[in-house]
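Let me begin by presenting the structure, written as structure tokens, before commenting on it.
The sequence lines fix the lettering, A, B, ..., with proteins before strands; numbering per chain opens at 1. No experiment lies behind these values; they were computed from the predicted model shown.
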2 protein chains.
Amino acid sequence: MSASERRIQEILEKLKGKYFRITPQRYAILKILVESDEHPSVEQIYKEVKAQFPTTSLATVYKTVTLLKEINEVLELGFHDGNNRYDGNRPYPHPHVICTGCRKIMDPELAALDELSREMARKTGYKINSHRLDFFGLCPACQKTG
Amino acid sequence: MSASERRIQEILEKLKGKYFRITPQRYAILKILVESDEHPSVEQIYKEVKAQFPTTSLATVYKTVTLLKEINEVLELGFHDGNNRYDGNRPYPHPHVICTGCRKIMDPELAALDELSREMARKTGYKINSHRLDFFGLCPACQKTG
DNA sequence: GTAATTGCAAATGGTTTGCAGCATC
DNA sequence: GATGCTGCAAACCATTTGCAATTAC
């Protein structure tokens, strides 16, 4: 059993435990989110699900993504320009490196961030619960293209 | 001449140099942005400008804020939940600490970030141009309120 | 005087919502 | 069989846009 398969099973159990129903659409959306490391948008998920279940509606994709976000199994990368992306692999805050050319998103390793959170809490008196760190630039491919 | 007054003059010169006109509404919006350290929203700016110029429209506030953003004199803190905030004091990327209770935003000092940018560039091959770092939590006042 | 800006109202577009019919459990 | 889910269409709402009248220069 692969890591993705195991993760899918875990999430299914979590849903069942909360008496949410496992519909074919939900299963398909969950699978796409967990198996992709492209940080897909709702639109991309929609397109993929439709290939399997042509009657699927955008509303269902939104509802399912929101559900998975609420049970903390998907991280939403909200962009105010309306191209939100979703991470079903690492549903906890972590940094992203985002290409402003092709919109590719990577997950770099960066251990120092938790220490920064603690430092911010100490300096400001805030109780820090979460964070968001994005680096913007051009990926190697887009640098060549000009 | 205070620091804000100096900054306002600088931005006015920049606008004149680009043949943008200094209308009373623009001047008022600019002044609000530079003199506030509350990271005001468009709605808040609108309310304040209206006190001086009652016929001012929201569209004008949007247009002016966009203009100031484009000449790199205002930093937009876009939030995908539709409560964008604007920083007219430090129009370059810098971290923010955001209260999820009352929406208060602070600007903590954090020198280590440029080094992180370079580290990301090295690790990923991206050419990093910009970044965004937000910490979310409860400010001291909201911690007491519960 | 000319060209830019304002302010109104309408359009936009991603996301959410109401609800009737359907599927899961 | 009861309840939750789907899919449709309409509603939402911050922001943008078109345009005629106004104003800065």
Side-chain angles (χ1 to χ4, degrees), chain A residues 11-33 39-71 74-86 103, chain B residues 11-33 39-71 74-86 103:
Chain A
I11 300 176
L12 288 176
E13 290 310 314
K14 194 169 186 175
L15 287 169
K16 284 180 199 164
K18 293 172 187 289
Y19 303 104
F20 291 112
R21 293 179 181 172
I22 315 299
T23 64
Q25 295 91 330
R26 275 193 182 157
Y27 183 83
I29 293 166
L30 170 57
K31 198 157 183 286
I32 290 163
L33 276 164
H39 307 78
S41 66
V42 163
E43 219 41 72
Q44 288 170 303
I45 296 168
Y46 179 51
K47 203 184 288 179
E48 289 190 46
V49 187
K50 272 205 119 164
Q52 283 181 69
F53 303 98
T55 67
T56 306
S57 69
L58 250 187
T60 296
V61 179
Y62 275 108
K63 284 169 188 163
T64 300
V65 167
T66 301
L67 173 62
L68 293 172
K69 189 174 57 173
E70 280 170 355
I71 65 167
V74 159
L75 179 73
E76 180 176 56
L77 290 179
F79 295 99
H80 124 267
D81 74 348
N83 193 346
N84 294 356
R85 305 279 288 265
Y86 296 88
R103 292 240 160 227
Chain B
I11 299 175
L12 288 176
E13 289 312 314
K14 194 169 187 174
L15 286 169
K16 283 179 199 164
K18 293 172 187 288
Y19 303 104
F20 291 112
R21 293 178 180 173
I22 315 298
T23 64
Q25 295 90 332
R26 274 192 182 159
Y27 182 82
I29 293 166
L30 170 57
K31 198 160 184 287
I32 291 163
L33 276 165
H39 307 78
S41 65
V42 163
E43 214 49 64
Q44 287 171 303
I45 297 168
Y46 178 53
K47 203 183 288 180
E48 288 191 45
V49 187
K50 274 205 116 164
Q52 282 181 71
F53 303 98
T55 67
T56 307
S57 68
L58 250 187
T60 295
V61 180
Y62 275 108
K63 283 169 189 164
T64 301
V65 166
T66 302
L67 173 62
L68 293 172
K69 190 174 55 175
E70 279 170 356
I71 65 168
V74 158
L75 179 73
E76 180 177 57
L77 290 178
F79 294 99
H80 122 266
D81 73 348
N83 194 347
N84 293 358
R85 305 279 287 265
Y86 295 88
R103 293 241 160 224

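With D/dT6, D/dT15, C/dG14 as the choices, the nucleotide that has an atom nearest any side-chain atom of B/L58 turns out to be D/dT15. Here C/dT5 is the nucleotide among C/dG7, D/dT16, C/dT5 with the atom lying nearest to any side-chain atom of B/F20. In the set D/dT17, D/dT3, C/dT5, D/dT17 carries the atom at the smallest distance from any side-chain atom of B/A59. Side-chain atoms of B/S57 lie closest to C/dG7 of the nucleotides D/dA14, D/dG7, C/dG7.
The nearest whole Å value for the distance from the OH atom in B/Y86 to the C1' atom in D/dT15 is 9 Å. Across the protein-nucleic acid pair, B/E13 atom CD and D/dC25 atom P stand 12 Å apart, rounded to whole Å. Between A/I45 atom CD1 and C/dG14 atom P the separation is 15 Å, expressed in whole Å. One interatomic measurement links the two molecules: OH of B/Y27 to P of D/dA24, which rounds to 15 Å at whole-angstrom precision. As a whole-Å value, the separation of A/I22 CD1 from D/dT3 P is 19 Å. The interatomic distance linking B/R26 (CZ) with C/dG7 (C1') rounds to 14 Å, in whole Å. Atom-to-atom, CD1 of B/I29 to C1' of C/dG7 comes out at 12 Å; the value is rounded to the nearest Å. Per the geometry, CZ belonging to B/F53 stands 10 Å off P belonging to D/dA24, to the nearest Å.
Checked by atom type and distance alone, the side chain of B/T60 never pairs as donor or acceptor with a backbone atom of B/T56 at under 3.5 Å. In this structure a side-chain-to-backbone donor-acceptor pair under 3.5 Å is missing from B/R85 to B/L77.
Projected onto DNA chain D by closest heavy-atom contact, B/Y62 and A/T60 fall at different nucleotides, the more 5' of which corresponds to A/T60. Of the two residues near DNA chain D, B/K16 and B/V42, the one whose nearest nucleotide lies more 5' is B/V42.
OP1 and OP2 of D/dA14 both lie 4.0 Å or more from every side-chain N or O belonging to B/N84. Applying the 4.0 Å criterion to OP1 and OP2 of C/dG7, one finds that B/T55 has a side-chain N or O inside that range. Dashed line: the shortest gap from a side-chain N or O of B/T23 to OP1 or OP2 of C/dT5 is not under 4.0 Å.
Among the protein residues, A/Y19 comes within range of no part of the nucleic acid, since none of its heavy atoms lies under 4.0 Å from any strand. Looking at heavy-atom distances under 4.0 Å, B/P24 makes contact with sugar-phosphate atoms alone, never a base. Among the atoms of the strands shown, only primed sugar atoms or phosphate atoms (P, OP1, OP2) are found under 4.0 Å from some heavy atom of B/Q25. Contact annotation for A/N83: no contact, since no heavy-atom pair falls under 4.0 Å across all strands.
Remark: B/K14 NZ is packed, more than 12 non-hydrogen atoms of other residues, nucleotides or ligands lying under 6.0 Å away. No more than 12 heavy atoms of other residues, nucleotides or ligands shown are found within 6.0 angstrom of NZ on A/K31.
For D/dT3, its base sits under 3.5 Å from the side chain of A/R21 at one donor and acceptor pair at least. One donor-acceptor pair, N or O on each side, does fall under 3.5 Å between the base of C/dG7 and the side chain of B/K63.
Between A/Y46 and the choices A/E43, A/Q44, A/K50, the side-chain hydrogen bond (donor to acceptor under 3.5 Å, both in side chains) rule is met once, by A/K50.
With rounding to the nearest 0.5 Å, the separation of OG1 in A/T64 from CD1 in A/I45 is 9.5 Å.
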